[in-house]
Amino acid sequence: MSVCVVVGMQWGDEGKGKIIDLLTEKADVVARYQGGHNAGHTIIFDGNKYILHLIPSGIFRPDKICVIGNGVVIDPAALSEEMQMLKDLGFDYEGRLLISDRANIILPYHRISDLHKEGASGSRKIGTTGRGIGPAYSDKIARVGLRTCDFLDESRLQETLRSNYEEKKKILKNLYGENLPELGEIVDQMLSHRDRFVKYICNTQSFLRDRIAEGKTILCEGAQGTMLDIDHGTYPFVTSSNSTAGGACTGLGIPPARIDRTLGVIKAYTTRVGEGPFPTELHDDYGEQLRNNGDEFGSTTGRPRRCGWFDAVVGKYAVELNGIDAVTLTKIDVLDQLDTIRVCTGYRHHGKIVDGLPASLPVLEQCEPVYTEYPGWQQSTSGIRCFDELPDHAKRYIDGLQDHLGVEIPLISTGPGREETILRGELL
Ligand code: IMP
């Protein structure tokens, strides 16, 4: 039995979907702790590809319980759509899907204001997914949000929406010239989705604590990645929640002392979508190769991802910040064709090596990466399941990453499928 947190170590899109899917086999419960439908978790099995945005990927395994925690922000339309997709595909989630009664709701005005803020002249463009995530979390912190428990009480739902409506209407009209739909229309929209998910709403904190007391294995699933964390990432180019391991405690109501293990997921190179500093970004043919070979296009928005070399400064920062016990390395096969591979082992700022990851955005933007070079292996690693079968230069690269991070890498992913995996140690 254990409680294990799975975190992304870069700017998201590390391949957490596959890793969580693999780990779920040994878990009883999978619980998502933050983010919203800005995330996209891709899972491939039996030759089919599935993308989930809100519901934990454990839903594809028939005996697993899936929890959407209080730290998640839920767009009722997106959740309904995802539930319908699972039904259409024949995956039954009755009795296996639990939604926290304390999760905040993404409302139509959140989405409108997200899109307009991004487009407004004079404001800094973050490159958000445009899903209303930031404005919904802002309302949560401002204590004016609508929560899932309000769906159990229609008059409370109406009252909360009414108390916010006039202010939101004025802001959208005056700032962006946008007309908010009538209050009644918003209430009706919310109520139209209510029937689909209201029966899954419950006190998931006590559910999880009871399962922990029974000795069950709980997998806490983070979305995005360490560098997009609101407190510890490349602020302000971050998402609006705590994607780091601590978010699992606040976003699920699990006491810190009950967390047994933290697993990091890191890609064999780096990507990011949206704006913001990215010291090892490549603007050349290598970057193009990584994007094309790795199919680096957003699973939520379809945007091309920015690509660059592996950044061990970022990796080490993620190890220390999250207290990572073991690392899972994904997409090693994407590097197969490269003649040379570089790893950033430090940053130089105005000629001096910087200690750790600078907080200041201008300083980070001016940092130059210091690289160590590795020879490429230029042969296929795709689908290899045994470490010894890897080309020597691939082994050298993986061992090098392990040394840079200072943490074991017991799992290496050599392709998107469940079976395309090298396991050389214990994970849970
Ligand atoms: P938001 O979360 O939509 O507000 O976007 C804030 C930043 O986080 C933007 O740079 C997005 O591209 C990025 N982001 C949000 N979700 C993901 C994700 O699942 N993968 C990668 N980047 C993400």
Side-chain angles (χ1 to χ4, degrees), residues 31-38 53-56 59 65-88 92-114 131-173 178-208 240-241 250-253:
R32 165 87 179 268
Y33 61 82
Q34 46 70 235
H37 65 311
N38 49 351
H53 300 283
L54 274 169
I55 299 175
I59 210 74
I65 308 268
C66 292
V67 172
I68 298 180
N70 56 280
V72 175
V73 283
I74 298 175
D75 180 325
L79 179 59
S80 297
E81 210 176 285
E82 206 158 299
M83 292 168 85
Q84 187 60 49
M85 178 197 83
L86 289 170
K87 268 218 158 83
D88 293 345
D92 183 21
Y93 49 79
E94 279 322 304
R96 299 197 297 121
L97 178 63
L98 308 180
I99 301 168
S100 168
D101 50 8
R102 288 167 166 84
N104 270 249
I105 298 293
I106 299 180
L107 290 154
Y109 45 77
H110 293 138
R111 194 183 162 92
I112 299 172
S113 114
D114 193 2
R131 303 289 196 263
I133 305 293
Y137 276 114
S138 301
D139 274 2
K140 170 180 175 172
I141 300 302
R143 297 160 294 189
V144 294
L146 184 76
R147 295 190 301 160
T148 34
C149 55
D150 300 329
F151 281 75
L152 305 171
D153 175 353
E154 192 173 324
S155 59
R156 164 86 195 151
L157 180 141
Q158 295 204 15
E159 190 189 307
T160 307
L161 287 175
R162 195 176 307 114
S163 65
N164 288 324
Y165 184 76
E166 284 309 320
E167 187 193 17
K168 300 291 179 195
K169 189 176 163 180
K170 270 191 207 136
I171 291 175
L172 292 189
K173 184 74 190 164
E178 186 81 46
N179 289 317
L180 193 59
E182 290 302 316
L183 174 63
E185 210 179 301
I186 298 177
V187 171
D188 287 349
Q189 251 185 53
M190 290 300 116
L191 294 177
S192 71
H193 298 295
R194 183 184 59 172
D195 291 346
R196 187 179 280 280
F197 65 81
V198 75
K199 67 175 172 183
Y200 305 98
I201 296 174
C202 62
N203 181 340
T204 53
Q205 298 109 299
S206 64
F207 170 84
L208 288 168
S240 299
S241 58
T250 53
L252 292 169

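For Arg147, there are no salt bridge (charged side-chain N to carboxylate O under 4.0 Å, His left out) partners at least two apart in sequence or on another chain.
With hydrogens and angles disregarded, no donor-acceptor distance shorter than 3.5 Å links the side chain of Asp195 to the backbone of Leu191. Side-chain N or O atoms of Arg143 include none that pairs as donor or acceptor with a backbone N or O of Gly145 at under 3.5 Å.
Under the 4.5 Å side-chain criterion, counting only non-hydrogen atoms from C-beta, Asn104 is not in contact with Tyr137. In this structure, Leu161 and Leu107 have side chains that are in contact, with non-hydrogen atoms separated by less than 4.5 Å. Contact annotation: the side chain of Val198 approaches that of Leu152 to within less than 4.5 Å [non-hydrogen atoms, C-beta and beyond]. Side-chain contact between Arg131 and Arg111: present, with at least one pair of heavy atoms (C-beta onward) separated by less than 4.5 Å. Residues Pro108 and Met190 are in side-chain contact: their nearest non-hydrogen atoms beyond the backbone lie under 4.5 Å apart. Considering only heavy atoms from C-beta on, Ile105 comes within 4.5 Å of Thr148 through its side chain. Put simply, the side chain of Leu98 reaches to within 4.5 Å of the side chain of Ile65, judged on heavy atoms.
Heavy-atom minimum distance, Asp153 versus Ser155: OD1-OG, 2.9 Å. When all heavy atoms are compared, the tightest approach of Pro181 to Ile186 is O-CD1, 3.9 Å. Here the closest heavy-atom approach between residue Gly134 and residue Ser240 is recorded as CA-OG, 3.3 Å.
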Atom pairs and distances, side-chain donor-acceptor, residues 67-83, under 3.5 Å, sequence neighbours left out:
from	atom 1	to	atom 2	distance (Å)
Asn70	OD1	Leu252	N	3.4
Asn70	ND2	Thr250	O	2.8
Asp75	OD1	Ala77	N	2.9
Asp75	OD1	Ala78	N	3.3
Ser80	OG	Pro76	O	2.9
Ser80	OG	His193	ND1	3.2
Glu82	OE1	His53	N	3.0
Glu82	OE1	Leu54	N	3.3
Glu82	OE2	His53	N	3.3
Glu82	OE2	Leu54	N	3.0
Glu82	OE2	Ile55	N	2.8

Can Asp101 and Gln205 be said to form a side-chain contact (heavy atoms from CB on, under 4.5 Å), step by step? CA-CA 9 Å; Asp101 50 8; Gln205 298 109 299; 4.0 Å; yes

For side-chain contact (heavy atoms from CB on, under 4.5 Å), just list the numbers for Glu167 and Tyr109, CA-CA rounded to whole Å, side-chain angles, deciding distance to a tenth of an Å, and then say yes or no. CA-CA 11 Å; Glu167 187 193 17; Tyr109 45 77; over 6 Å; no

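The SG atom of Cys149 sits 8.0 Å away from atom CD1 of Ile201, with the distance rounded to the nearest 0.5 Å. Taking SG of Cys66 as the reference point, atom OH of Tyr93 lies at 12.0 Å (rounded to 0.5 Å). Going from atom CG of Asp188 over to atom CZ of Arg194 covers 11.0 Å, rounded to the nearest 0.5 Å. Here the straight-line distance linking atom CG of Leu180 with atom NZ of Lys168 works out to 10.0 Å at 0.5 Å rounding. The CD1 atom of Ile133 lies 11.0 Å from the OG atom of Ser138; values are rounded to the nearest 0.5 Å. Atom OG of Ser163 is separated from atom CD of Gln158 by 12.0 Å, given to the nearest 0.5 angstrom.
The residues Lys199 and Glu94 are annotated as salt-bridged, a charged nitrogen and a carboxylate oxygen being separated by less than 4.0 angstrom.
With a 6.0 Å radius and a threshold of 12 heavy atoms from other residues, nucleotides or ligands, Glu182 has its CD atom at or below the threshold.
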